[in-house]
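Note that the structure is a prediction, hence the values are computed from the model and not measured. In each ligand, atom 1 is the first atom listed, and ligand 1 is the first ligand listed. For this chain, numbers begin at 1 and follow the sequence in order.
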Amino acid sequence: MTDVKKIAVLGGDGIGPEVVGEAIKVMKKTEELFGLKFEFEHGLFGGIAIDEKGTPLPQETLDICQRADAVLLGAVGGPKWDNNSKELRPETGLLGIRKALGLFSNIRPATVFDCLMDASTLKPEVLEGTDLIVVRELTGGIYFGEKFRRDGEHGQEAVDTCVYNVSEVERIVRQAFEIAQKRSKRLASVDKANVLETSRLWREVVNRIAPEYPDVELEHVLVDNCAMQLLRRPSSFDVIVTENMFGDILSDEAAMLTGSIGMLSSASLGEGSFGLYEPVHGSAPDIAGQGISNPIATILSVALMYRLTFGYEEAAQAIENAVKSVLDAGHRTGDIAVDKSKALGTEAMGERIVAALSK
Ligand SMILES: NC(=O)C1=CN([C@@H]2O[C@H](COP(=O)(O)OP(=O)(O)OC[C@H]3O[C@@H](n4cnc5c(N)ncnc54)[C@H](O)[C@@H]3O)[C@@H](O)[C@H]2O)C=CC1
Ligand SMILES: CC(C)CC(=O)C(=O)O
Ligand SMILES: [Mg+2]
């Protein structure tokens, strides 16, 4: 009998539900082609959950995720909730779900498709061969530290604290070394150890662990330099491991190597095979509701889910091949189109990828 996998689906806000809708169509087609079986359970999350339930992460949504084998997430946020208090912000729900599910590792691959080199602002000779992964620590650092306001000498002050402990750094760094071992054995650890105490600790831990992986070539790169080198020599990076905020910023930058943030998928993992899969982009309020968002990041996140949580390697590759063949055939959404007048909408792109899927 087919093993039924439970998928928690959190569309969220803005373009979230539309890109997730296309990803589900892809999953349904792979059920037919590969004999897979999924049971989808939808939950309210983010701004829509604030509106309907008074909190960005209702307990019933967390329950749906906890009884699922994997979570498929769209995106949260939007101007409607921007001035809300911290507890009533969609982004607080996003941080909360990552913490509650123990998802400390965020894997963000940035692969340059040859046919999309014209969509990037970088020259093809710089982009050539770029295929890197940002491994971002996801449940520590400044996003999770204590934050408060206080009265200071010159009026109100705001404080955000950045905390990392040794075990938080160890577990993400080990995972990055292991990923590097399976790829081209190069790891760049990115920090700001010339200034930040958390980065000094980060670097100490990396240096202590490195001898356990003698086959991996390690370089330490300061984050400001890394931001520059990503544009200067992107193909020299293989795996980049870094703390939460640096990884958030560098992965959006890396998205532009691929042509658009609409291309970047992600997997958030903990100790086991359970994972949360979401595009790197946000809810894109500027284009929400127009049916023009690029669903590829979310569809490629499903390929990561198949590979990393379920071990469905053949179906994962089929999704990646379908995306490649649709792009090779010249189909583009507006964000990656050179000729915007020929751009496809979200559903049309999703349909073409579904049609291109084969065993
Ligand atoms: N994981 C999540 O749920 C995330 C949520 N956010 C939230 O999303 C909201 C908007 O944030 P922004 O800074 O505007 O970042 P964003 O990633 O939503 O959008 C940045 C730019 O990229 C474009 N874009 C994003 N995804 C696209 C896609 N699939 N296809 C075509 N174009 C796409 C948008 O139109 C926009 O011009 C905020 O409330 C923010 O907090 C931001 C990042 C991640
Ligand atoms: C709430 C933010 C940390 C979301 C974000 O930008 C991300 O995870 O990439
Ligand atoms: Mg981000």
Side-chain angles (χ1 to χ4, degrees), residues 10-23 45-50 56-57 71-84 86 88-99 103-108 110 116 119 134-145 147 160 242-256 258-268 276-301 323 332-337 340 343-350:
L10 315 180
D13 308 313
I15 64 169
E18 62 193 49
V19 292
V20 162
E22 298 313 306
F45 183 53
I48 189 175
I50 294 171
L57 176 54
V71 182
L72 178 64
L73 171 63
V76 296
K80 183 176 178 191
W81 306 282
D82 276 354
N83 295 322
N84 283 10
K86 183 183 151 222
L88 292 180
R89 284 188 58 94
E91 293 78 4
T92 302
L94 187 61
L95 298 177
I97 203 169
R98 290 169 177 169
K99 193 75 160 184
L103 305 170
F104 63 84
S105 164
N106 186 215
I107 293 168
R108 298 183 153 189
L116 279 191
V134 177
V135 178
R136 165 189 174 195
E137 200 291 324
L138 200 60
T139 51
I142 200 163
Y143 293 172
F144 286 89
K147 25 186 127 283
D160 288 291
T242 190
E243 59 108 92
N244 201 342
M245 183 166 71
F246 297 163
D248 189 9
I249 296 168
L250 292 176
S251 53
D252 267 36
E253 186 188 355
M256 286 321 294
T258 73
S260 166
I261 189 125
M263 296 296 298
L264 232 66
S265 58
S266 91
S268 301
L276 180 151
Y277 297 85
E278 59 170 324
V280 164
H281 63 72
S283 59
D286 54 336
I287 57 166
Q290 298 176 35
I292 57 169
S293 62
N294 186 348
I296 292 179
T298 315
I299 290 170
L300 290 175
S301 300
V323 168
R332 305 280 187 270
T333 42
D335 56 324
I336 48 174
K340 308 277 180 214
L344 298 179
T346 313
E347 281 188 24
M349 177 55 94

Does [X] reach the main-chain N or O of [Y] with its side chain, forming a donor-acceptor pair under 3.5 Å?
X      : Y      : value
Asp13  : Gly47  : yes
Thr92  : Lys86  : yes
Glu91  : Gly93  : no
Thr139 : Leu103 : no
Ser266 : Arg108 : no

Protein contact to [atom] [nearest heavy atom, distance to 0.1 Å]:
atom                    : result
atom 38 (C) of ligand 1 : Glu91 OE2, 3.7 Å
atom 42 (C) of ligand 1 : Gly282 CA, 3.5 Å
atom 7 (C) of ligand 1  : Val76 O, 3.1 Å
atom 1 (N) of ligand 1  : Glu278 OE1, 3.1 Å
atom 4 (C) of ligand 2  : Leu94 CD2, 3.6 Å
atom 30 (N) of ligand 1 : Asn294 N, 2.9 Å
atom 18 (O) of ligand 1 : Ala284 N, 2.8 Å
atom 10 (C) of ligand 1 : Pro285 CD, 3.4 Å
atom 24 (N) of ligand 1 : Ile261 CG2, 3.7 Å

Indicate yes or no: does an N/O atom of [X] lie under 3.5 Å from an N/O atom of ligand 1?
X      : value
Gly262 : no
Ile15  : no
Asp286 : yes
His281 : yes

Worksheet item: Does some non-hydrogen atom of the protein lie less than 4.0 angstrom from atom 21 (C) of ligand 1?
Response: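 Under the 4.0 Å cut-off, atom 21 (C) of ligand 1 has no protein heavy-atom neighbours at all.
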Discussion item. Checking contacts now, so for atom 13 (O) of ligand 1, which I'm interested in, is there any protein heavy atom under 4.0 Å?
Written reply: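 False for atom 13 (O) of ligand 1.
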Which atom of [X] lies closest to which atom of [Y], heavy atoms considered:
X      : Y      : result
Ser283 : Ala75  : N-CB, 3.5 Å
Asn83  : Arg89  : N-NH1, 4.5 Å
Asn294 : Met263 : ND2-SD, 3.6 Å
Ala343 : Thr333 : CB-C, 3.9 Å
Ser251 : Val280 : OG-CG1, 4.4 Å
Ser268 : Asn106 : OG-ND2, 3.1 Å

Worksheet item: Looking only at heavy atoms, is any part of Asp335 under 4.0 Å from ligand 1, and if so is it the side chain, the backbone, or both, or is it neither?
Response: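 Under 4.0 Å from ligand 1, Asp335 contributes side-chain atoms alone.
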Item to complete: Record the part of Pro279 in heavy-atom contact with ligand 1 below 4.0 Å; permitted values are side chain, backbone, both and neither.
Response: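 For Pro279, no heavy atom sits under 4.0 Å from ligand 1.
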Practice prompt. Below 4.0 angstrom from a heavy atom of Glu91, which ligand 2 atoms are there? Numbered from 1 as shown, please.
Written response: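 So the atoms of ligand 2 that pass are 1 (C).
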Starting at [atom1] of [X], measure out to [atom2] of [Y] and round the result to the nearest 0.5 Å.
X      : Y      : atom1 : atom2 : answer
Phe246 : Ile142 : CZ    : CD1   : 9.0 Å
Leu94  : Leu10  : CG    : CG    : 10.0 Å
Asp160 : Tyr143 : CG    : OH    : 10.5 Å
Leu95  : Leu138 : CG    : CG    : 8.5 Å

Worksheet item: Closer than 4.0 angstrom: is that true for some heavy atom of Ala297 and an atom of ligand 1?
Response: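 False for this residue.
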Worksheet item: Is the Mg ion (ligand 3) less than 2.8 Å from at least one N/O/S atom of Asp252?
Response: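 No, outside the cut-off.
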At less than 4.0 angstrom from any non-hydrogen atom of [X], what atoms of ligand 1 do you find?
X     : value
Ala75 : 3 (O)
Gly77 : 39 (O)
Gly78 : 39 (O)

Discussion item. Heavy atoms only: which of Ile287, Leu94, Val280 lies closest to atom 33 (C) of ligand 1?
Written reply: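 Of the listed residues, Ile287 has the closest heavy atom.
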Worksheet item: Looking only at non-hydrogen atoms, which of His281, Arg108, Arg89 approaches atom 9 (O) of ligand 2 most closely?
Response: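 Considering heavy atoms of His281, Arg108, Arg89, the nearest to atom 9 (O) of ligand 2 sits in Arg108.
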Worksheet item: Any N or O of Tyr143 that comes nearer than 3.5 Å to an N or O of ligand 2?
Response: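 No - when backbone and side-chain N and O of Tyr143 are compared with those of ligand 2, no distance drops under 3.5 Å.
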Worksheet item: How about Gln290: does its CD atom have over 12 heavy atoms from other parts shown lying under 6.0 Å from it?
Response: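 Above 12, so yes.
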Worksheet item: Heavy atom under 4.0 Å from ligand 2: found in Arg98's side chain, backbone, both, or neither?
Response: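 Just the side chain.
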Worksheet item: Of all N, O or S atoms in Asp248, which has the smallest distance to the Mg ion (ligand 3)?
Response: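 Result: OD1.
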